[in-house]
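Report on the following structure.
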Amino acid sequence: MSVLKDRIRRQIANEGPLTVAQYITICLGDPQAGYYATREPFGERGDFITAPEVSQMFGELVGAVCLSAYQALGSPGRFQLAELGPGRGTLMFDLLRMAALRPRFLEAASLNLVETSQRLRQIQKKTLSRSPLQPQFRDRFADIPDGPLILVANEFFDALPVHQFVKTTDGWRERQIGLTGDGDLAFGAGAAGLADDAVPEEIRAAPEGAIFETQPTANAIAEEIGARLAEHGGAALFIDYGYLQSAPGDTLQAVRKHAFDDVLAHPGEADLTAHVNFQALAAAAARGGARVLPPLTQGDFLLRAGLLERAGALGAGKSHREQETIRDAVERLAAPGQMGDLFKVLAVTAPVYRSRRLTARPERPKDQGLRNRFPSVLETRHEN
Ligand code: SAH
């Protein structure tokens, strides 16, 4: 049995059941035995593959969107560039290669990586060692200095703890993890409840046994970001596995070595995620004062950002095999049934973005588009 499972069982025996949120926090974040502290989650040898690890095109296109956001902001002389939960640093590495097309962007940017895992910080530092900007690591979003902000977060919110509530004859009760008679971990309903009016109307009528998830940690961060954007200007892109409308359901899942695992089976050894409720995330950012754009599927977002053009430029003159790899990556990232519609993209901006800032600066001659310049400026990423 894993060290962590043993520890969790003893803790429950001594102090009582854990909420689902407490369990997730321990499994992922425990500084000694937690998942992010001990495992190499990403890539073929890890437990799962994220979009930036599928292809360099993902980070490049996110980078192109950041360049547009910077321009729309009036190309300020200083701004905070930030990523939440950068994993191996691959997305930022590719984003910065794209950003190099606009030297002013790089000169103006201070790079902030919000990352709690010391182990992943080292990997991110190494990945970015050949980049034009070196990162400042931050423990929390709130530690990023004030100023205009351009922020990206890919598969960050799904790693934050969710609470679950079960509908019982006695109302909504918080789902907990306790011990069976044999000392195994098991789910049960705790004493703490949730008032009916705290449950969205469309969920209230769910049948007994239904599960309702809340994501207070994710919402609090989205609200903080919304408030920062409202005050200082800028834009944020949240990309995640999730759903667009609140609905009942248990979305907590464990993935270990590219296969689903029992959520309670291998604490600290499996990745735990819950799907992001984008309706709640958008509402939180709006509460903070930001303007929230209609969410897109990842497929639509990438196609609008120029995925096919980028794939064409990247594949030009390459071998048949390399072209095949690029085509596969396009499929994986954008096709329905793959990441294309499972993942959603939410863009959040300052409310006065358009009216105040865009007119503040005379337009420069229309850029002929980054896309036309792709082939000469951006080559295939060299793997670390
Ligand atoms: N964005 C990366 C990795 C996603 S995995 C990619 O797309 O490949 C989630 C990342 O969030 C990891 O880097 C993890 O260490 C980090 N993380 C998880 N919880 C965090 C928290 N509360 N604060 C900051 N970073 C966190």
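Note that the structure is predicted; figures quoted are calculated from it, not measured. Read the numbers this way: they start at 1 and go in the same order the structure lists the ligands and their atoms. The basis for the numbers below is simple: all heavy atoms, side chains too, and nothing from hydrogens, waters or symmetry mates.
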**OP:** With atom 12 (C) of ligand 1 as the reference point, say which of Glu115, Glu83, Arg138, Arg119 has the nearest heavy atom.
**Re:** Glu115

**OP:** Would you mind telling me if ligand 1 is within reach of the side chain of Leu160, the backbone, both or neither, using heavy atoms under 4.0 Å?
**Re:** side chain

Original post:
Salt bridge between Arg228 and Asp146, side-chain N to carboxylate O under 4.0 Å?
Top reply: yes

Subject >> Ionic contact status for Glu269 with Arg39, cut-off 4.0 Å >> reply: no

Original post:
So does Glu107 pair up with Arg104, basic N to acidic O under 4.0 Å?
Top reply: no

**OP:** Give a yes or no on whether a salt bridge exists between Arg256 and Asp262, defined as a side-chain N under 4.0 angstrom from a carboxylate O.
**Re:** no

Original post:
Would you say Gly87 has any N or O atom under 3.5 Å from an N or O of ligand 1, going by distance alone?
Top reply: yes

**OP:** Give me the ring orientation class for Tyr70 and Phe105: parallel if the planes are under 30° apart, tilted from 30 to 60°, perpendicular past 60°.
**Re:** perpendicular

Subject >> Positive for side-chain contact (heavy atoms from CB on, under 4.5 Å) with Pro135, one of Leu111, Val114, Asn112 >> reply: Leu111

Original post:
Nearest protein heavy-atom contact for atom 11 (O) of ligand 1: which residue, which atom, what distance?
Top reply: Gly85 CA, 3.2 Å

Original post:
Considering only heavy atoms of Thr50, which atoms of ligand 1 have at least one such atom less than 4.0 Å away?
Top reply: 6 (C), 7 (O), 8 (O)

Original post:
Could an N or O of ligand 1 be found under 3.5 Å from any N or O of Gln124, whether backbone or side chain?
Top reply: no

**OP:** Begin from the C-alpha positions of Phe301 and Lys344 and carry the test side-chain contact (heavy atoms from CB on, under 4.5 Å) through to its verdict.
**Re:** CA-CA 8 Å; Phe301 169 79; Lys344 313 291 188 299; over 6 Å; no

**OP:** Please determine if Asn154 has a nitrogen or oxygen closer than 3.5 Å to a nitrogen or oxygen of ligand 1.
**Re:** yes

Original post:
Taking NZ, NE, NH1 and NH2 as the nitrogens, is one of them in Lys167 or Glu208 under 4.0 Å from a carboxylate oxygen of the other?
Top reply: no

Original post:
Can you list the ligand 1 atoms lying under 4.0 Å from a non-hydrogen atom of Phe156?
Top reply: 11 (O), 20 (C), 21 (C), 23 (N), 24 (C), 25 (N), 26 (C)

Subject >> Cationic N near anionic O, under 4.0 Å, Asp30 to Arg7 >> reply: yes

Original post:
Any idea which part of Thr116 is under 4.0 Å from ligand 1, heavy-atom wise: side chain, backbone, both or neither?
Top reply: both

Original post:
Should the proximity of Leu120 to ligand 1, defined as any heavy atom under 4.0 Å, be assigned to the side chain, the backbone, both, or neither?
Top reply: side chain

Subject >> Contact (N/O only, under 3.5 Å) between Pro52 and ligand 1 >> reply: no

**OP:** Taking only heavy atoms of Val114 into account, list the atoms of ligand 1 that are under 4.0 Å away from them.
**Re:** 24 (C), 25 (N)

Original post:
Hey, which atoms in ligand 1 end up nearer than 4.0 Å to a heavy atom of Glu155?
Top reply: 4 (C), 5 (S), 9 (C)

